[in-house]
Amino acid sequence: MKSQIKWSEAFIRTLKETPKEAETISHKLMLKAGLISKVASGVYSYLPLGLKVLRKIEKIVREEIDQTGACELLLPALQPESLWKESGRISLLGKDMINFIDRHQRRMFLGPTHEEVIIDVVRKRVHSWKELPIVLYQIQTKFRDEVRPRFGVVRAREFLMKDAYSFDADQEGLDKNYEKMREAYELIFKRCGIKCQSQKADSGIMGGRFSEEFVAEGECKELEIGHIFKLGDTYSKKLKLFFLDKNGEEKPMIMGCYGIGISRLMAAIIEGNYDEDGLIWPRSVSPYSVLLLPMNMEEKAIKDTTEELYRSLQKNNIDVIMDDRIISPGIKFKDGDLLGIPFRILIGKELKNGKVELKLRREKRTELVKVEDILQEIKKLKCKDYQQEHENLKARKTTISLTTKTQRLKE
RNA sequence: CGGGGUGUAGCGCAGUCCGGUUUAGCGCGCUUGGUUCGGGACCAAGAGGCCGGCGGUUCAAAUCCGCCCACCCCGACCA
């Protein structure tokens with residue numbers, strides 16, 4: 001996906017009026033800014049801008065989950081009934097499971113979750129305590145025929161999810177992996193720019209002994225964006241996921257599973273970051289970092305400077321979108337605000353003084369910057385993000401060492 | 001699934017109660033020409049609708065009746 005683009009060539013269609021189907025902020029803004037397009041109730045297309053955000057979120061999720069030592073894989077959406085008969089969960093999930101009969105008269109499901117499939121993968125190739133622990137994850141589309149889809153992407157029938165599964169020889173192992181995952185979650189949500197709380201939860205259809213859900217705070221009141229479970233040996237026993245321990249005894253693996261609703265996370269981020277003019281993306285997930293806003297592309301000096309900045313930002317690996325449309329400025333301002341790109345560089349009347357105007361979407365203030373300094377200025381501001389990243393890294397190390405200490409104390 | 005609501009042009013709406021002056025309008029958007037150009041510009045001329053679908057009542061239906069469909073909201077559940 002292009003990290004720099006001309007507006008005229010991007011497939012961006014904003015809406016001046018909000019479609020009446022939307023009532024919540026995130027739903028309204030996603031439609032207005034042209035992030036998504038509804039296909040059916042609870043079924044959405046992600047337009048280029050929306051996909052860009054989704055990919056940025058995925059990137060953060062991958063980085064943090066990889067950091068825990070988990071390995072990414074990709075499981076099928078299509079699942080045979082036989083596996084589900086083994087786990088006995090068909091009646092539990094009930095009508096939420098989308099199913100059909102294939103041409104050979106076999107019933108197939110569109111995966112609402114992947115415990116059955118991942119266990120099948122693991123049980124076919126892991127048989128010894130020496131191979132444990134194992135932690136696997138994927139980012140994939142889930143299908144659930146929700147009774148009542150709502151709020152756009154918040155509760156959809158087809159949605160993107162990160163789901164991880166841990167396999168351990170014993171409860172202590174599970175506790176350790178669970179803890180690691182929980183720490184990763186905290187970092188993920190922090191990096192995505194949302195405040196989150198974890199709380200004990202009902203394990204629901206997942207079963208197991210213990211679970212916690214991560215709830216986004218703020219106006220989206222209690223939106224659950226992540227859930228982690230200590231599953232124990234329930235699934236292992238049913239699906240015959242056994243291994244031989246040190247004494248040669250056959251034992252069920254101890255499992256945990258960990259989900260994050262990626263598409264829902266996107267909605268949660270919006271709920272916590274907007275104003276009356278539109279979206280305000282946290283820098284980490286914004287579709288582009290910089291918006292170049294030339295007042296008039298038909299004026300040579302403005303056009304040349306804009307294109308020069310476009311190239312130099314590009315060269316410096318900074319995501320940039322250039323509003324090269326030949327339309328009245330008001331539209332550019334409104335669209336720009338609606339899209340919520342963190343940095344806006346306006347190229348206009350100050351150019352005769354050798355200056356452009358820098359504005360942060362989140363702030364009201366505009367700053368005049370010399371054309372030749374603007375790149376450094378942007379880099380400097382972005383640098384603050386890197387510092388934030390470092391702090392996150394430090395936080396990660398601290399929490400991990402703290403955990404280790406706590407564990408030692410327990411021992 | 002239970003309860004409530006909506007369906008008229010791409011989007012937002014009026015008209016529906018009380019059937020006929022309606023050739024079904026308005027705003028935005030769209031097309032063409034011109035003037036504009038620092039916060040969704042202006043003028044002019046256009047294009048675009050079996051009024052969600054099917055059936056019924058009637059001389060006559062967007063409007064009344066029946067059935068169906070789609071979508072939204074509240075509830076239980078979820079990422």
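Values below: every heavy atom of this structure, side chains too, minus hydrogens, waters and symmetry copies. Residue numbers begin at 1 in each chain, while the letters A, B, ... track the order of the sequences. Quick caveat: nothing in here was measured; it's all calculated off a predicted structure.
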Return the nearest nucleotide to the side chain of [X]; candidates are [options].
X        : options             : result
A/Lys20  : B/C71, B/C1, B/G12  : B/G12
A/Arg148 : B/G12, B/C72, B/C74 : B/C74
A/Glu224 : B/G27, B/C72, B/A79 : B/A79
A/Glu23  : B/C72, B/G27, B/C78 : B/C72

Any protein N or O atoms within reach of nucleotides 33-39 of chain B? Criterion: under 3.5 Å, listing atom names and distances.
unit_1, atom_1, unit_2, atom_2, d
B/G38, O6, A/Lys349, N, 2.1
B/G38, O6, A/Glu357, OE2, 3.4
B/G38, N1, A/Glu357, OE1, 3.4
B/G38, N1, A/Glu357, OE2, 2.6
B/G38, N2, A/Glu357, OE1, 2.5
B/G38, N2, A/Glu357, OE2, 3.4
B/G39, O6, A/Arg344, NH1, 3.2
B/G39, O6, A/Arg344, NH2, 3.3
B/G39, N1, A/Asp337, OD2, 3.0
B/G39, N2, A/Asp337, OD2, 2.3

Quantified in whole Å, what is the [atom1] atom distance between nucleotide [N] and nucleotide [M]?
N     : M     : atom1 : value
B/C28 : B/A41 : C1'   : 14 Å
B/A62 : B/C18 : C1'   : 15 Å
B/G29 : B/C71 : P     : 30 Å
B/G40 : B/A47 : C1'   : 23 Å
B/C74 : B/U32 : C1'   : 49 Å
B/G33 : B/C72 : C1'   : 43 Å
B/C13 : B/A76 : P     : 28 Å
B/U23 : B/U63 : P     : 16 Å

Taking pairing as Watson-Crick or G-U wobble with both contacts under 3.5 Å, can you name the mate of [N], or confirm there isn't one?
N     : value
B/A47 : none
B/A9  : none
B/G55 : B/C65

> How many angstroms lie between CZ in A/Phe143 and CZ in A/Phe109, if you round to the nearest 0.5 Å?
Replying inline: 14.5 Å
> Once the angle between the rings of A/Tyr44 and A/His27 is folded into 0 to 90°, is it parallel (under 30°), tilted (30 to 60°) or perpendicular (over 60°)?
Replying inline: perpendicular
>> Can you see if the side chain of A/Arg150 gets near the phosphate of B/G75 - specifically, an N or O under 4.0 Å from OP1 or OP2?
In response: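 Looking at the OP1 and OP2 atoms of B/G75, one of them is under 4.0 Å from a side-chain N or O of A/Arg150.
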>> Just N and O in the side chain of A/Ser41: are any of them under 4.0 Å from OP1 or OP2 of B/C72?
In response: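 The answer is yes; a side-chain N or O of A/Ser41 sits under 4.0 Å from OP1 or OP2.
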> How many Å lie between CG on A/Leu293 and P on B/G40, as a whole number?
Replying inline: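 Atom CG in A/Leu293 sits about 14 Å away from atom P in B/G40.
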>> Check this for me: does the side-chain of A/Glu17 come within 3.5 Å of the base of B/G27 through a donor and an acceptor?
In response: yes
> If you draw the axis of the six-membered ring of A/Tyr288, does the NZ or CZ of A/Lys52 fall within 45° of it and under 6.0 Å from the ring centre?
Replying inline: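 Ring-cation test returns yes.
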>> Would A/Lys142 pass as a cation-pi partner of A/Phe159, given that its NZ or CZ must be under 6.0 Å from the six-membered ring centre and within 45 degrees of the axis?
In response: no
>> Between A/Glu350 and A/Asn353, do the side chains contain a donor N or O and an acceptor N or O under 3.5 Å apart?
In response: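 Judged by distance alone, the side chains do pair up.
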> Mind checking whether A/Phe214 and A/Phe189 have ring centres under 6.0 Å apart?
Replying inline: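 Under 6.0 Å, so yes.
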> Touch check for A/Lys38, heavy atoms < 4.0 angstrom, all strands: base, sugar-phosphate only, or nothing?
Replying inline: sugar-phosphate
